[in-house]
Protein chains: 2
Amino acid sequence: MSDDLRELPLRERKKLRTRRALAETALRLFTEHGYDATTLDDLCDAVEVSKRTFFRNYRSKEDVALAADSDLWSAYLDRVAVAKLDGPLLEALRVALNATLEDMDPDWERRFLATRELSESVPVLQSHSLGYCQDTTRAMVETLAGRSGTGVDEPCLRLTVEIFVASWRTACLRWTAQGGQGGRDGLTDLIERTFALLPDALTCTA
Amino acid sequence: MSDDLRELPLRERKKLRTRRALAETALRLFTEHGYDATTLDDLCDAVEVSKRTFFRNYRSKEDVALAADSDLWSAYLDRVAVAKLDGPLLEALRVALNATLEDMDPDWERRFLATRELSESVPVLQSHSLGYCQDTTRAMVETLAGRSGTGVDEPCLRLTVEIFVASWRTACLRWTAQGGQGGRDGLTDLIERTFALLPDALTCTA
DNA sequence: ACAGCTAATGCCACTCAGTGGCACTGTCAC
DNA sequence: GTGACAGTGCCACTGAGTGGCATTAGCTGT
């Protein structure tokens with residue numbers, strides 16, 4: 001995830017630079033002038049690429065805004081695919097998440113916070129972001145089912161993963177609400193506390 | 001939710017008929033020819049209204065496809081707003097959901113199943129549908145927080161509602177996968193069984 | 001029954017997201 | 001160098017969604 005940039009062929013380097021410039025500039029423009037008020041033409045002008053090139057790098061306007069989300073989920077999926085995951089599943093998934101967070105690029109944290117704030121104020125981004133979560137959920141269920149030999153329809157497995165994602169989002173929401181306080185350690189801490197609340201959440205009264 | 005249609009002023013009746021015709025026809029066209037392959041112009045031609053009228057009835061193409069979802073959630077929110085909700089919150093929410101399902105229009109079930117199938121095969125609909133869930137979650141948390149006097153930031157409350165929605169979606173997924181078998185009773189049954197799995201889901205091992 | 005009011009609609013022109021096609025250019029392999 | 005080809009720019013197009021304004025049609029009052 002960190003700067004593996006210098007040891008790539010020139011062509012790849014340029015491509016990657018464009019990709020990053022697009023995501024970075026998009027985040028800045030969306031934050032400064034608003035998501036709707038920023039057109040893709042604005043973005044492409046700023047990065048000095050054609051709109052066609054934009055769409056070769058990102059599938060949609062929402063996609064580029066949520067690049068930091070995407071980075072996290074794909075890193076997480078990679079980790080889950082190779083991790084040990086012994087003991088209680090929910091706990092193992094949480095540990096893997098913490099490890100993934102620690103491994104993210106130093107700059108990712110800032111991008112992610114900006115992305116979260118944007119996502120919470122723009123409905124279409126929120127929906128799209130939830131779509132990512134759902135895709136990740138599905139992929140995780142498939143990976144885990146394939147490994148343990150049970151089918152993907154095993155309701156308990158799916159439910160566990162859903163609860164995992166729900167907890168993550170709850171923790172993430174609080175982290176964003178407090179302005180990303182404590183950086184990724186703060187986030188890790190919130191995650192831990194949120195997961196600890198789960199048994200209470202099942203039984204708490206109105 | 002049932003046919004309160006005959007006792008409305010003519011103008012309102014026509015408006016409602018148009019609304020329903022749009023949702024009904026949209027569902028049919030989307031199912032028969034595919035979501036992307038059906039343009040709003042196609043839909044408007046079929047219903048014989050202008051595109052402008054469409055957008056006065058629904059906010060987007062996704063919205064009209066997910067009308068059955070929206071119907072359920074708004075009925076559910078209405079019920080939660082007035083329900084007693086004593087005892088364990090999660091259980092009370094589930095009971096209220098069952099009651100809402102029973103009260104839905106007889107035709108709703110068919111529309112809902114078609115909507116779910118559509119939503120699972122069209123990513124943008126899935127995202128949009130998750131957005132509805134999220135909006136409902138937020139509204140529920142506000143309602144419940146306002147009633148019990150605690151703040152909306154009460155993490156346990158939000159977590160409970162998130163788990164509720166996650167369980168609902170898991171049950172719903174299975175219901176759709178088995179072709180809506182058993183109608184809404186079948187769905188109610190799946191919901192009950194899914195909620196019963198929750199304690200296991202917290203502790204199950206990989 | 002008729003005229004006036006107004007909500008709802010239709011129509012038209014527009015913006016912007018996203019796609020397809022084709023020519024071009026810079027990078028890589030030889 | 002030179003040919004191959006990935007990546008890019010440019011252009012024209014479709015389709016979602018919006019704003020404005022004229023028109024229709026349902027609800028008044030008399």
Side-chain angles (χ1 to χ4, degrees), chain A residues 5-23 25-27 29-30 33-67 70 118 122-129 131, chain B residues 5-23 25-27 29-30 33-67 70 118 122-129 131:
Chain A
L5 203 140
R6 297 300 144 201
E7 55 220 23
L8 281 172
L10 180 54
R11 205 187 273 172
E12 301 295 321
R13 256 182 288 170
K14 286 181 88 169
K15 201 176 162 186
L16 204 53
R17 249 201 297 270
T18 303
R19 247 190 94 79
R20 291 186 181 175
L22 280 169
T25 311
L27 213 48
L29 292 179
F30 292 163
H33 309 126
Y35 179 76
D36 289 328
T38 308
T39 70
L40 289 183
D41 287 321
D42 293 340
L43 174 58
C44 291
D45 281 354
V47 184
E48 292 182 305
V49 296
S50 72
K51 210 166 60 164
R52 208 67 192 81
T53 295
F54 170 85
F55 281 106
R56 286 192 193 95
N57 281 279
Y58 295 95
R59 274 182 306 191
S60 65
K61 189 179 178 184
E62 293 91 53
D63 252 43
V64 73
L66 298 174
S70 180
L118 206 52
V122 182
V124 66
L125 287 184
Q126 174 145 328
S127 296
H128 207 80
S129 162
Chain B
L5 204 143
R6 298 296 144 204
E7 55 219 20
L8 280 172
L10 180 55
R11 203 188 276 172
E12 300 296 321
R13 254 181 290 169
K14 286 183 86 167
K15 202 175 160 185
L16 204 52
R17 248 199 297 270
T18 303
R19 245 190 97 79
R20 291 186 181 176
L22 280 170
T25 310
L27 212 48
L29 293 179
F30 291 163
H33 309 126
Y35 179 77
D36 288 328
T38 308
T39 70
L40 289 183
D41 286 322
D42 294 341
L43 174 58
C44 291
D45 280 355
V47 184
E48 293 184 303
V49 295
S50 72
K51 209 166 61 164
R52 209 68 192 78
T53 295
F54 170 85
F55 281 106
R56 287 191 193 95
N57 280 278
Y58 295 95
R59 275 183 305 190
S60 67
K61 190 179 178 182
E62 294 92 53
D63 252 43
V64 73
L66 299 174
S70 179
L118 207 52
V122 182
V124 66
L125 287 184
Q126 175 145 328
S127 296
H128 207 80
S129 161

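Every chain is numbered from 1, with letters handed out A, B, ... down the list of sequences.
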What is the separation between atom [atom1] on [X] and atom [atom2] on [N], rounded to the nearest whole Å?
X	N	atom1	atom2	result
B:Leu125	D:dA16	CG	C1'	14 Å
B:Asp36	C:dA17	CG	C1'	14 Å
A:Leu40	C:dG18	CG	C1'	9 Å
A:Tyr35	C:dT15	OH	C1'	15 Å
A:Asn57	D:dG9	CG	C1'	14 Å
A:Arg17	C:dG26	CZ	P	15 Å
A:Phe55	C:dA17	CZ	P	7 Å
B:Glu12	D:dT28	CD	P	11 Å

Worksheet item: Which of residues 58-67 of chain B sit near DNA chain D, with a heavy atom under 4.0 Å from it?
Response: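 Contacts with DNA chain D under 4.0 Å: B:Ser60, B:Lys61.
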Item to complete: Could you identify which residues of residues 43-54 of chain B place a heavy atom less than 4.0 Å from some atom of DNA chain D, listed by residue number, or say none?
Response: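 Residues of residues 43-54 of chain B under 4.0 Å from DNA chain D: B:Lys51, B:Arg52.
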Worksheet item: If you check every side-chain atom of B:Arg56, which of D:dG9, D:dG20, D:dG26 has the closest atom?
Response: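 Selected nucleotide (nearest to the side chain): D:dG20.
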Discussion item. Side chain of A:Thr18, heavy atoms from C-beta onward: which of C:dC16, C:dA8, D:dT8 has the nearest atom to it?
Written reply: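 So the side chain of A:Thr18 is nearest to D:dT8.
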Worksheet item: Looking at CG of B:Leu40 and OH of B:Tyr58, how far apart are the two atoms once the value is rounded to the nearest 0.5 Å?
Response: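 These two atoms lie 12.5 Å from each other.
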Worksheet item: How far does CD of B:Glu62 sit from OG of A:Ser127, to the nearest 0.5 angstrom?
Response: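 Spacing of CD (B:Glu62) from OG (A:Ser127) equals 8.5 Å.
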Practice prompt. For A:Asp42, check side-chain hydrogen bond (donor to acceptor under 3.5 Å, both in side chains) against everything at least two apart and list the hits.
Written response: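 side-chain hydrogen bond (donor to acceptor under 3.5 Å, both in side chains) list for A:Asp42, sorted by chain: A:Thr39.
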Discussion item. If the condition is side-chain hydrogen bond (donor to acceptor under 3.5 Å, both in side chains), which residues does A:Asn57 pass it with, not counting sequence neighbours?
Written reply: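 Residues passing side-chain hydrogen bond (donor to acceptor under 3.5 Å, both in side chains) with A:Asn57: none at all.
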Practice prompt. Under the ring-ring contact (aromatic ring centres under 6.0 Å, His included) rule, collect the residues that match up with A:Tyr35, sequence neighbours excluded.
Written response: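 ring-ring contact (aromatic ring centres under 6.0 Å, His included) list for A:Tyr35, sorted by chain: A:Phe30.
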Worksheet entry | Candidates B:Leu118, B:Leu22, B:Val64 - the one meeting side chain to side chain contact (heavy atoms under 4.5 Å, CB included) with B:Leu27 |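 Only match with B:Leu27 under side chain to side chain contact (heavy atoms under 4.5 Å, CB included): B:Leu118.
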Name the atoms and distances for all side-chain donor-acceptor pairs under 3.5 Å in residues 46-54 of chain B, with sequence neighbours left out.
from	atom 1	to	atom 2	distance (Å)
B:Ser50	OG	B:Thr53	N	3.3
B:Ser50	OG	B:Thr53	OG1	3.3

Fill in: Over all atoms of both residues, closest heavy-atom pair of B:Leu43 and B:Ala26
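Of all heavy-atom pairs spanning B:Leu43 and B:Ala26, the closest is CD1-N, 3.6 Å.
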Item to complete: For B:Thr25 and B:Ala21, indicate whether the former's side chain and the latter's backbone hold a donor-acceptor pair under 3.5 Å.
Response: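 Present.
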